[in-house]
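Proteins get letters first, then strands, A, B, ... in listed order; numbering begins at 1 in each. Note that this is a predicted model, so its numbers are computed, not measured.
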Amino acid sequence: MTDLTHNDPPEADDQPTAPAFPPPPIEEQERMVEALLFASAQPMSVRDLSTRMPAGCDPAEALVGLRRRYEGRGVSLERIGDAYAFRTASDMSFLMQTETVEQRRLSRAAIETLAIIAYHQPVTRAEIEEIRGVAVSRGTLDQLIEMEWVRVGRRRMTPGRPATFVVTETFLDHFGLESARDLPGLSELRAAGLLESRPPAEGLMVPLTPQPDEDDEFSGPADDLFEDE
Amino acid sequence: MTDLTHNDPPEADDQPTAPAFPPPPIEEQERMVEALLFASAQPMSVRDLSTRMPAGCDPAEALVGLRRRYEGRGVSLERIGDAYAFRTASDMSFLMQTETVEQRRLSRAAIETLAIIAYHQPVTRAEIEEIRGVAVSRGTLDQLIEMEWVRVGRRRMTPGRPATFVVTETFLDHFGLESARDLPGLSELRAAGLLESRPPAEGLMVPLTPQPDEDDEFSGPADDLFEDE
Amino acid sequence: MAKSPGNISYLKAVPDEPAGDEFDANAILQRRADEALIIDVDGYEGPLDLLLTMARTQKVDLMKISVLHLAEQYLEFVEQARALRIELAADYLVMAAWLAFLKSRLLLPPDPEAEGPSAEDMAAHLAFQLERLQAMRQAAARLMGRDRLGINRFQRGAPESIARKRRTQWQAGLIDLMRAYARLKTKDEFRPYAFDRQDVYTMEQALDRLRHLIGFAGEWTQLVDFLPDGWEGQGKRRRSATAATFAASLELARQGRLEIRQAESFAPISFRMKPTTERK
């Protein structure tokens, strides 16, 4: 389009010099801008709009009116760079997502690991593995940490300085416990029929692995839960 | 289109009967409906809307106000069967050359078949053939079904239990119809008796021979013509 | 094909076009149309479509058409086609037979004995069918002329997608926790390794040791002498090693490789290798 010939009023896309017809009233121009912006896949600039509208139109002015009209509505006329587009009002964004809540049971590995941490905290990964008799996958601990039921506690002052794991306040909230000490002890488990009634192994009271540096004579649901930060 | 009633209140099964919080004011609900319908290219039913809105909302009522608000605007809130959608006002089409979607070419047979289904629905294939006086090729119906303008309806409770065909919401949306009752000239055609089920008397049937390339069970003028649902 | 179909005056190329006024041009158009029609009967959607086209040349309300005249037109068309050795599809011929029958019924005085519909009923139904087909064509045209989506009306060009978030809510109650722990503790009872490995001497260890040592014990040797180094003291370790060694000796005795002797209750237990001569 190098040659700007006129005399063809509706087509004079850049220079509306003396259009043959008076431009449509501004309300009509607003309707045009509204329809154009609604149907356009991309934001449109004033220039884009004016090439699409009849000669003599003033899309910039129509935009002002239209923008005012959409103030406080569920959608707003937004300026994006030098172009315009309709967008959902920002306070309506909560409608634009659907959240599906999926109820799932914890895997056996996860619940056992969680139980060990709750009863034995602070407990190292090696200790968890010793009690469960199988390796604990990184994923299981990660999951419990992501759920915010377990967090990393202080490191043990033993060779390798292994991290320990403890349960969190979120855990206590979820299980309706005031502290981890409120976890039912072995005798209560037995009374509840959850343990067979044969003489208990003294396992609960026995240190899992000798911890020469630590005098953690383990005494059931630990006393030293929730070490201070 | 089996059921074109609307004004159904928000579906009871999705809504808690006594919402914990009072529903948002109706102006706010209008904004929500506006945002949701603006965001979606597809029509949304009252039910769709209410599942997305907070409990206790009444999208049907919000729609009434919203529809009024968009009267005479560049986009209008259209009712399409049980659903609603924003569409650009049809008098704005002259601005929309760039948005125009290439339409699939339909054969004369397809267009006639579509009209017959729309005006006579639910209609069996044999009835379509009786009206057109020619066998309907499988491809014609397939094309209409693929375009989602036609779908299979309930079977007729007549010998052979033939399938019926009905038009869809996509059809209504495409042709800008609120319901199949709003088809142009429907009442005149009905008044002229041209949509009546007029059972052809014996020996009166205009003969119809099956197309040789047709594989299916077509058996000439079927005896299950013109059954009322 | 140069053959002219002659004077089939009722056929027109485009069904919807009104007849032209100029005589010459019309005649030429007419002839071309006739040729086109005869050559390509397939252009018509069956005999009913052809009949409708013919009926419209009568230029009257379809409900008032002369079915008799129409039948004659159709039969004339079929004859012409035959004369030109054009093969008509079966349905066109079936229709011709039906119309010939109708024509004869319409021309003859009504037979009061005749069963079935009268000739007038048949004619009326044919007229109805033609009118209905015509009406459906007009309806189709009106439908296609509506403000259509994607042509005259448009949907939102940039729809905003609905984000779908999936949140997993893990279910676990205190009872699950207790059960899990109880399960672990129950398991512990069968798995002595799980705690204090250092003070447990297992039967497997004792068996290994005994199998090795028993070969040297041709004479009765006391159990304590088989205890491994570091386990002969007192307390848990000695008890564990003693128990394991004794259990291992029972196993070897069962296998017939070793003999066990105890003089009286609580007296020391002695083993010796079972003499090979006594083995079977």
Side-chain angles (χ1 to χ4, degrees), chain A residues 35-43 85-88 93 95-106 108 110-116 118-119 130-133 143 147 149 174-177 183-184 186 188-190 192-196 198-204 206-210, chain C residues 146-204 230-231 233 235-240 243-244:
Chain A
L36 282 166
L37 291 182
F38 176 86
S40 172
Q42 264 87 40
F86 283 115
R87 292 282 185 261
T88 308
S93 61
L95 294 170
M96 297 300 133
Q97 44 186 256
T98 50
E99 192 180 67
T100 50
V101 177
E102 193 186 11
Q103 299 272 341
R104 282 179 65 182
R105 299 198 68 82
L106 277 176
R108 182 174 167 148
I111 191 87
E112 285 184 8
T113 304
L114 183 65
I116 293 166
Y119 276 90
E130 177 134 32
I131 295 170
R132 287 198 65 223
Q143 183 192 2
M147 290 167 71
W149 283 359
H174 182 92
F175 290 93
L177 297 166
L183 280 169
L186 277 188
E188 287 159 283
L189 294 182
R190 190 170 302 111
L194 294 169
L195 269 182
E196 289 175 39
R198 75 182 65 176
E202 36 186 348
L204 192 57
V206 168
L208 301 161
T209 44
Chain C
R146 286 185 64 82
D147 290 329
R148 291 165 61 186
L149 193 67
I151 300 174
N152 313 99
R153 293 150 49 246
F154 295 87
Q155 57 192 24
R156 176 94 185 267
E160 290 164 63
S161 62
I162 303 300
R164 289 198 190 281
K165 278 206 316 201
R166 174 170 287 169
R167 192 161 59 86
T168 306
Q169 211 169 56
W170 295 98
Q171 280 183 313
L174 194 53
I175 192 72
D176 300 307
L177 205 63
M178 288 162 65
R179 279 201 186 110
Y181 195 64
R183 195 162 60 222
L184 287 166
K185 295 326 283 180
T186 312
K187 196 160 70 180
D188 279 351
E189 293 176 47
F190 301 104
R191 202 170 51 79
Y193 288 159
F195 28 85
D196 198 9
R197 221 170 245 173
Q198 294 202 337
D199 290 339
V200 175
Y201 192 68
T202 67
M203 193 178 116
E204 281 74 24
W231 294 80
K236 282 196 247 178
R237 287 169 73 79
R238 181 186 171 93
R239 286 204 299 274
S240 175

Say whether, by atom type as modelled, one donor and one acceptor occur between the side chain of Ser40(A) and the main chain of Gly157(C) under 3.5 angstrom.
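Checked: no pair found.
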Could you check whether any side-chain N or O of Arg156(C) sits under 3.5 Å from a backbone N or O of Phe86(A), counting only pairs where one atom can act as donor and the other as acceptor?
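Yes, because the side chain of Arg156(C) sits within donor-acceptor range (under 3.5 Å) of the backbone of Phe86(A).
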CG on Leu177(C) to CD on Glu112(A), rounded to 0.5 Å
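Here the rounded value is 10.5 Å.
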Would you give the length of the straight line joining atom CE of Met178(C) to atom OH of Tyr119(A), rounded to the nearest 0.5 angstrom?
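Going from the CE atom of Met178(C) to the OH atom of Tyr119(A) covers 6.0 Å.
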Part of Gln143(A) lying under 4.5 Å from any heavy atom of chain C:
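Side chain of Gln143(A) only, per the 4.5 Å heavy-atom cut-off to chain C.
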Under 4.5 Å from any heavy atom of chain C - which part of Met96(A):
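Interface part for Met96(A): both.
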Let's test your reading of the structure: which of Leu114(A), Leu37(A), Thr88(A) forms the most heavy-atom pairs below 4.5 Å with chain C?
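Counting heavy-atom pairs under 4.5 Å, the top option is Thr88(A).
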